[in-house]
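Residue numbers begin at 1 in each chain, while the letters A, B, ... track the order of the sequences.
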Amino acid sequence: MVAFFGKLSKSLVSFIPKQLSQEILSQKPQTAVPFSQLQEQRKILESKLVSILDGCNSVTQIQQVHAHILRNGLDQCCYVLAKLVRMLTKFEVPVGGYPRLVFEQVRYRNPFLWTALVRGYSVQGFVKESVFLYGCMRREGIGPVSFTFTALFKACGEILDVNLGRQIHAQTILVGGFASDLFVGNTMIDMYVKCGCLDSGRKLFDEMPERDVISWTELIVAYAKNGNMESAGQLFDELPVKDMVAWTAMVTGYAQNAQPREALEFFERMQNAGVKVDDVTLVGVISACAQLGAAKYANWVREVAESSGFVPAKNVVIGSALIDMYSKCGSLEDACKVFEAMEERNVFSYSSMIAGFAVHGRPHDALQLFNEMLDTETKPNRVTFIGVLTACSHAGMAEEGRQIFASMEERFGVPPSADHYVCMVDLLGRVGQLEEALHLAETMPLEPNAGVWGALLGACRIHGNPDIAEIAASHLFKMEPNAIGNYVLLSNIYASARQWDDASRIRKLMRAKGLRKNPACSWLEAKKGVVYEFFAGDLTHPESSKIMQVLEDLLDRLKINGYRPHLSAMAYDVSDEDKKRLLLTHSEKLALGFGLLGTSSDSSIRIMKNLRICEDCHLFICGASQITGREIIVRDNMRFHHFRDGQCSCGNFW
DNA sequence: CTAGGGTTAG
């Protein structure tokens, strides 16, 4: 019987279309007897079978139960069969096949049986069919139950069809009573916010007769995703009973909105409130630590995770988050260790590790890992390719990059986005093919974003091409009129090309727009996790004279090795002596001087900077790493530079 | 049946 049925269902799966046929639905079904009015014996029987079905964890097991039902002439027990349909669709059995067949074999259909099918269609993404079936159900005079509506709203949220959602919303009121059902209300809020109609969701929330922590949390998350942490916080404060999920939503919300300190503060409050923490909470905290980029936090969060009993090797999400965090905190070794130890790896783990290699200037490791990833079942996604292309770009591997870019769509089904074009323009630009990069930007099939022109402008700085720089900048000034960096870059490109008038014209433009340079700032962590900050030209640090002495000494020794201060990019109308002085007090040099003074000679010096490292400092630190024999790691706002023995991992492209 | 998660660019 089982074998026979297995065969039958298989053939039906392939023959019954997923689209609903009018013919089948026009058969006359009849309303079933309500469960409460069933005979006692039948009640017991159905309940028993339902609990057996609940325990099934494969389609084969469900088929066995079904065979038993048919064998014993119970094929009109619609409560059990509704459960059966529900279980089948849970296992992603196509709803047009087997579950549909079960539905049709029952003559006396109850709301649960109908709903099971409505749900089935909706979870499999056949929303229109699901709604159509709901219409049929209504025509037959079958009243919906609350999860008929939750299924429909969930589907609308998936396909972002708010108009359909509003129609069904109207139905909940028309049919009566369902609009005030808590479950239905919550799914409606979720539907509205998923569709981007936060106001509708909020209105619904305000009008709901009954709300629970889930209703609140849904809105808190919606505000957070909209970048409105103020409203999220307000709601959170008003929330009478806060649970772990609500707290986590706040922690994660701050982390996702680039407010890592607030995220950590919230996490602390959460712990003080005695709320339990789980892996989801920790992922938010780890992400906040990644943004802070400090080893101090990295070590702290790892301890928190371990003391909460979460092992990175056994939790793929925690592991992936840690890989990202360690690589952003400058410790590629720790990132690798986590990656190696992981028992399961997915596209996030690989992408994070690949991006880690790319940003730390190890393109070959990135590409090797990409190839290893392809050997596994893991499919790369658009983010993976950003990492891979960035790696190619840093290694100057234009040809490999081109090939991978071309293979994205045809081999991996990932259509290149504007961001991938950014990588390609960057790739071509870095190797000096500026004309080609410009051509790509001008002819790409998508609308070029600011990143595309920014990459081109950056390449013009490396290769000193003011003409193409002007084209790129003209786009950028329109797209990002207030982004100071673009003006600075263009002005420096002009200055390097000795086009002083143009350079000062740009400076004037900046002034006219009221734009002021962000003060350059570098910082480093000394012992005990104390952070020291240095601003360019700022000699107020108590050890400034010692720091300057160290730098002067270094400068003298570097000059012997052939170093010359890189003055050309400075557009200031001051004497060369003053320029040299200004250069020597760049924030990253001050931090370096302090690092050489204040840390033991066997450890590496880790400096962070809020802007891109300057050309002169890059040269200076390269030399310093050779003279002092120290490893110096600088994280600027773009990437990591590992200086060792007079070489930098970025290959002088940055 | 309803709520919170990790990767990306100049």
message = Less than 4.0 angstrom between a side-chain N/O of A/Lys328 and OP1 or OP2 of B/dT8, yes or no?
response = yes
Per A/Thr390 side chain, nearest of listed nucleotides B/dA3, B/dT7, B/dG10 = B/dG10
query = Given B/dG5, is OP1 or OP2 found less than 4.0 Å from the side-chain N or O atoms of A/Lys225?
reply = yes
message = Taking donor-acceptor contacts at under 3.5 Å, does the side chain of A/Ser351 reach the base of B/dT7?
response = yes
task = Take the protein atom CE of A/Met244 and the nucleotide atom P of B/dG4, then report the distance between them rounded to whole Å.
result = 13 Å
inquiry  = At 4.0 Å (heavy atoms only), tell me whether A/Val317 reaches a base, stays on the sugar-phosphate, or touches nothing.
reply    = base
remark   = To the nearest angstrom, the CE-P distance between A/Met191 and B/dA3 comes to 14 Å
note = Which of B/dG6, B/dC1, B/dG4 is nearest the side chain of A/Phe147? It is B/dC1
note = Side-chain contact check for A/Ser146: nearest option of B/dG6, B/dT2, B/dC1 is B/dC1
request  = For A/Val184, report the nucleic acid contact type (base, sugar-phosphate, nothing); a contact means any heavy atom under 4.0 Å.
outcome  = nothing
A/Ile318 CD1 to B/dT7 P, straight-line distance once rounded to whole Å = 13 Å
Separation of atom CZ in A/Phe370 from atom P in B/dT8, rounded to whole Å = 17 Å
remark   = Testing B/dG4, B/dT7, B/dG10 for proximity to the side chain of A/Val383, the answer is B/dT7
message = Less than 4.0 angstrom from a charged side-chain N to a carboxylate O is my criterion; do A/Lys83 and A/Asp54 meet it?
response = yes
query = Below 3.5 Å, does any donor atom in the side chain of A/Gln256 face an acceptor in the base of B/dG4, or the other way round?
reply = no
message = OP1 or OP2 of B/dC1 versus the side-chain N and O atoms of A/Lys154: is any pair under 4.0 Å?
response = no
A/Arg612 backbone acceptor or donor facing A/Asn637 side chain under 3.5 Å = yes
ask   = For A/Glu92, does the CD atom sit with more than 12 other heavy atoms under 6.0 Å from it, leaving out its own atoms?
value = no
query = Going through the distances and angles, do A/Phe153 and A/Tyr192 end up as a side chain to side chain contact (heavy atoms under 4.5 Å, CB included)?
reply = CA-CA 9 Å; A/Phe153 287 126; A/Tyr192 280 124; over 6 Å; no
ask   = Base, sugar-phosphate alone, or nothing: which one does A/Ser320 contact when heavy atoms must sit under 4.0 Å apart?
value = base
task = State whether the side chain of A/Ser287 and the backbone N or O of A/Val283 hold a donor-acceptor pair below 3.5 Å, judged by distance alone.
result = no
ask   = Between A/Met244 and A/Trp247, does a side chain to side chain contact (heavy atoms under 4.5 Å, CB included) hold up when you go through it step by step?
value = CA-CA 5 Å; A/Met244 178 177 70; A/Trp247 278 98; 5.7 Å; no
inquiry  = Side chain of A/Ile386, heavy atoms from C-beta onward: which of B/dA3, B/dG6, B/dT8 has the nearest atom to it?
reply    = B/dT8
inquiry  = Just the rounded figure in Å: distance from P of B/dA3 to OH of A/Tyr192.
reply    = 17 Å
inquiry  = Regarding A/Ile189, tell me which of base, sugar-phosphate or nothing describes its non-hydrogen contacts under 4.0 Å with the strands shown.
reply    = nothing
query = Looking at B/dT7, B/dG5, B/dA3, which one has an atom nearest to any side-chain atom of A/Val280?
reply = B/dG5
query = Using a cut-off of 4.0 Å on non-hydrogen atoms, how would the nucleic acid contact of A/Thr115 be classed: base, sugar-phosphate, or nothing?
reply = nothing
task = Starting at atom CZ of A/Arg612, determine the distance to atom C1' of B/dA9, rounded to an integer number of angstrom.
result = 12 Å
query = Does A/Arg119 reach the side chain of A/Thr89, with side-chain heavy atoms less than 4.5 Å apart?
reply = no
ask   = Of all the nucleotides listed (B/dT7, B/dG4, B/dG10), which has the minimum atom distance to the side chain of A/Ala450?
value = B/dG10
query = Quick one: which of B/dG5, B/dA3, B/dT7 gets closest to the side chain of A/Val245?
reply = B/dA3
task = Give the nucleotide from the list B/dG4, B/dC1, B/dG6 with an atom nearest to the side chain of A/Arg86.
result = B/dC1
message = Quick check for you: among B/dT2, B/dG4, B/dG10, whose closest atom lies nearest to any side-chain atom of A/Asn186?
response = B/dT2
ask   = Taking atom C1' of B/dT7 as reference, at what distance in whole Å does atom CG of A/Asp419 sit?
value = 13 Å
ask   = If only side-chain N and O atoms of A/Arg211 are considered, is one of them under 4.0 Å from the OP1 or OP2 phosphate oxygen of B/dT2?
value = no
key: Side-chain donor/acceptor contact of A/Asn449 with base of B/dG10 under 3.5 Å   = no
task = In whole angstrom, give the distance that lies between atom CG of A/Leu389 and atom P of B/dT8.
result = 15 Å
